[in-house]
Amino acid sequence: MDTEIGRNSDQLSSNESLEEWTLLGWTAFAVLVPVLITLWCSFQRSKRKMLMRDILRKSKHGWHYTDLFNKPTYCCMCAQPILQGAFCDCCGLCADEQCIRRADRTLPCKEIMDPTHADGSFRHRWVRGNVPLASYCAVCKQQCGTQPKLCDYRCVWCQRTVHDDCKPSLDDGDGCDLGEFRCLIIPPHYLYNVNKLRRRHPDEYCKLAAAYGGGWTPVLVLANTRSGNNMGEALLGEFRTLLNPVQVFDLSELAPSKALQLCTLLPPGCVRVLVCGGDGTVGWVLDAIDNMRLKGQDQFIPRVTILPLGTGNDLSNSLGWGAGYAGEIPVEQVLRNILDAEVVKMDRWKVQITSKGHYFRKPKVLSMNNYFSVGPDALMALNFHAHREKTPTFFSSRIINKAVYFLYGTKDCLVQECKDLDKRIELELDGERVALPSLEGIIVCNIGYWGGGCRLWEGMGDEPCPPTRLDDGLLEVVGVFGSFHCAQIQVKLANPVRLGQAHTVRLVLKSSRMPMQVDGEPWAQGPCTVTITHKTQALMLYHSAEHTDDDDEESSGSEAEGASAVRARPRDGVPGHQ
């Protein structure tokens, strides 16, 4: 009896042990299988990305891989709907993942350099399918792209669209005129003819350009993909679609000095440059233009316009291009505004900083377009700049950037790191010493806007003052009592202390270290002498339409006065409206 009970007990414990091992095995299976599947998928995804990267790197197309299209998209090779694939931002070609390599071999992209035909005409370059929304046929004037399949054609140069059935009715001799923006496009046959020239001389370029009419003003697009809301990458693609891809440059890959060399292959005085970025990017481009002058290329100097992508965008606001661009108007309208803009002059200034006790060290020299400041304004910029360098991905939104500025300004209201500035700094305007009240900051302005859209010199309009102008060779100098006073000025509850206007400004920092900035580029400075003198004048494009910022009616009135001041200024030596 005892033996049988023991046998049953051993069998029971054996069954329990087997169940435990079975449970353990299934648990291990349930854990390991998903992990192995995840690792395998990750390996395949990485392998596929490397393969795609290799294909896209060697391709002549400007492929962008994506799994999210903004509308139903069909492969130009197999005509099937695309779930995962790529599109070319130059010619608009679309292909799914399996057809990319074949599409790259068989379908050519937009040629940046191409001869005309024997009769001198330039043929359309058609791409089938995926035409833009709300596009209309150039023949029958009915809407294109309405069928749920690969259908209809678009010319990559003039952007005209035609139905499949209407395309044969087009006259074979009907050449492409490059469409609405022919005045801004560098035609591929122009570059082909320039490449064939034996003598590279401006007169030869003018002879070639005569065929395109007197209003030909090609535009170069220089975009900073790191500015503001990180819209630069998408804008580059849209401009490549509408223009010749050779006209569009990414400043993260190519310096402005290299991009502007294209100006020397175009007729003198006809080129316009669109800078997509913030005030710092505009200053970078203007410095590159100054280097062109040093190289004796004055006749090729372009006119500069701005598409504001940065955080402050005060220079853009002063020139009528708005306080910030977030895609509210299409790129086509941006190009139309450039065609309608007028040329104005803008003063540029040299800021020379000589450190005290370092007489044998070469002075630091900077260029200024907007403003120079010392005090709480520069301190906020310095703190913001230091944290953005540590975590750049966090500062990718214009709203976040302004919120961080607000936090640093609130902190300085409590700490007051820049107090007793009047005891540490001496100010001279055109050689005359200025008695300073109890200030915490001094701002020297060249343009009408400051601090992300505030008209600093005019203030609230309760005191008469001469208006600011871009080309009068004068700087406006004001003082502030602290960060809280800066905030009051920005919301129009207070005025700055107007210290005067001058052709030359000199500041002497006698002791301690103080934060300083030039056009949003801050640093901490020890005892020194800062001298601001006139450097040169840049040719800018002014947009006279209504601004897109959030100014109220009073600000709009003062803006209209500023616009009339720009138009009424002396225009000696400035080219006429082109």
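Because the structure is predicted, anything quoted here is derived from the model rather than measured.
Checked by atom type, the side-chain pair T305/R272 shows no donor-acceptor distance below 3.5 Å. Looking only at atom types and distance, the side chain of W523 has a donor-acceptor partner in the side chain of Q525 under 3.5 Å away. Side chains of S367 and K535: a donor on one and an acceptor on the other come within 3.5 Å. A donor-acceptor contact closer than 3.5 angstrom is absent between the side chains of T225 and E233. A donor atom on one side chain and an acceptor atom on the other are found under 3.5 Å apart for N370 and D279.
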W216 vs Y190, test: ring pair (Phe, Tyr, Trp, His ring centres under 6.0 Å). Steps then yes/no.
CA-CA 12 Å; W216 186 49; Y190 174 85; 5.1 Å; yes
Check against salt bridge (Lys or Arg N to Asp or Glu O under 4.0 Å), D287 and R348:
CA-CA 10 Å; D287 285 339; R348 301 194 72 221; 2.8 Å; yes
L456 vs Y449, test: side-chain contact (heavy atoms from CB on, under 4.5 Å). Steps then yes/no.
CA-CA 6 Å; L456 190 64; Y449 282 88; over 6 Å; no
Step by step, work out the side-chain contact (heavy atoms from CB on, under 4.5 Å) result for F249 and K258.
CA-CA 10 Å; F249 301 91; K258 300 291 185 182; over 6 Å; no
Report the C-alpha separation of I425 and V508 in whole Å, then their side-chain angles, then the decisive distance to 0.1 Å, and conclude whether the side-chain contact (heavy atoms from CB on, under 4.5 Å) test is met.
CA-CA 5 Å; I425 276 189; V508 180; over 6 Å; no
I would like to know whether C528 and K356 meet side-chain contact (heavy atoms from CB on, under 4.5 Å); could you show each step before the answer?
CA-CA 5 Å; C528 68; K356 187 177 180 181; 5.6 Å; no
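No side-chain heavy atom of V271 sits less than 4.5 Å from a side-chain heavy atom of F300. E342 is listed as a side-chain neighbour of Y542, based on a closest heavy-atom distance under 4.5 Å. Looking at T529 and L507, their side chains never come closer than 4.5 Å, going by heavy atoms from C-beta outward. In this structure, D290 and T536 have side chains that are in contact, with non-hydrogen atoms separated by less than 4.5 Å. Under the 4.5 Å side-chain criterion, counting only non-hydrogen atoms from C-beta, I442 is in contact with L436. Inter-residue side-chain proximity for L191 and N195 is flagged as unmet; no heavy-atom pair is nearer than 4.5 Å. By the 4.5 Å heavy-atom criterion applied to side chains, D314 and D519 are not counted as neighbours. Annotation: side chain of R336 is in contact with side chain of E332 (closest heavy-atom distance under 4.5 Å).
Remark: side-chain polar atoms of R303 are paired, donor with acceptor, to backbone N or O of I301 under 3.5 angstrom. With hydrogens and angles ignored, the 3.5 Å screen pairs a side-chain donor or acceptor of Q517 with a backbone N or O of G520. Judged purely by atom type and a 3.5 angstrom limit, Q247 uses its side chain to pair as donor or acceptor with the backbone of L184. Within the 3.5 Å criterion, the main-chain N or O of N495 finds a donor-acceptor partner in the side chain of H485. Between the E328 side chain and the A326 main chain, a donor and an acceptor come within less than 3.5 Å of each other. Counting only distance, with no hydrogens or angles, the side chain of S316 and the backbone of A323 share no donor-acceptor pair below 3.5 Å. Checking side-chain atoms of D471 against main-chain N and O of M346 turns up no donor-acceptor pair under 3.5 Å. Looking at D89, its side chain never comes within 3.5 Å of a backbone N or O of H64 through a donor-acceptor pair. The closest donor-acceptor contact from the side chain of N446 to the backbone of N369 lies under 3.5 Å. In this structure a side-chain-to-backbone donor-acceptor pair under 3.5 Å is present from N244 to I186.
Screening V505, V444, I532, L366 against W349 for a side chain to side chain contact (heavy atoms under 4.5 Å, CB included) leaves a single residue, I532. Residue V275 forms a side chain to side chain contact (heavy atoms under 4.5 Å, CB included) with just one option from V304, L309, L315, and that option is V304. The side-chain hydrogen bond (donor to acceptor under 3.5 Å, both in side chains) test with R506 is passed by exactly one of E426, E432, E428: E428.
Remark: C206 SG to L266 CG distance equals 10.5 Å, nearest 0.5 Å. With rounding to the nearest 0.5 angstrom, the CD1 atom of I489 is 6.5 Å from the SG atom of C454. Rounding to the nearest 0.5 Å gives a distance of 11.5 Å between CE of M514 and CG of L382. Within the model, atoms CG of N291 and CZ of R293 stand 10.5 Å from one another, a figure rounded to the nearest 0.5 Å. To the nearest 0.5 angstrom, D250 atom CG is 11.5 Å from L235 atom CG. Put simply, CG on N337 and CD1 on I329 are 5.5 Å apart, with the number rounded to the nearest 0.5 Å.
Here the shortest heavy-atom pairing between L262 and L220 reads CD2-CD2, 3.5 Å. Considering every non-hydrogen atom in both M368 and Y371, the closest pair reads SD-C, 3.4 Å. When all heavy atoms of M292 and C263 are compared, the closest pair comes out as CE-CB, 4.3 Å. For F239 against V221, the heavy-atom pair with the smallest separation is CD1-CG1, 3.7 Å. Between P437 and D422, the shortest heavy-atom contact is O-CB, 3.1 Å. Residue L251 comes nearest to W284 through the heavy atom pair O-CH2, 3.7 Å, listed as atom of the first residue, atom of the second, then distance.
F372 meets the ring pair (Phe, Tyr, Trp, His ring centres under 6.0 Å) test with no other residue; sequence neighbours excluded.
Counting heavy atoms of neighbouring residues, nucleotides and ligands inside a 6.0 Å radius, atom NZ of K350 does not exceed 12 of them. By the neighbour-count criterion of 12 heavy atoms within 6.0 Å, atom CZ of R199 is densely surrounded, having more than that number from other residues, nucleotides or ligands.
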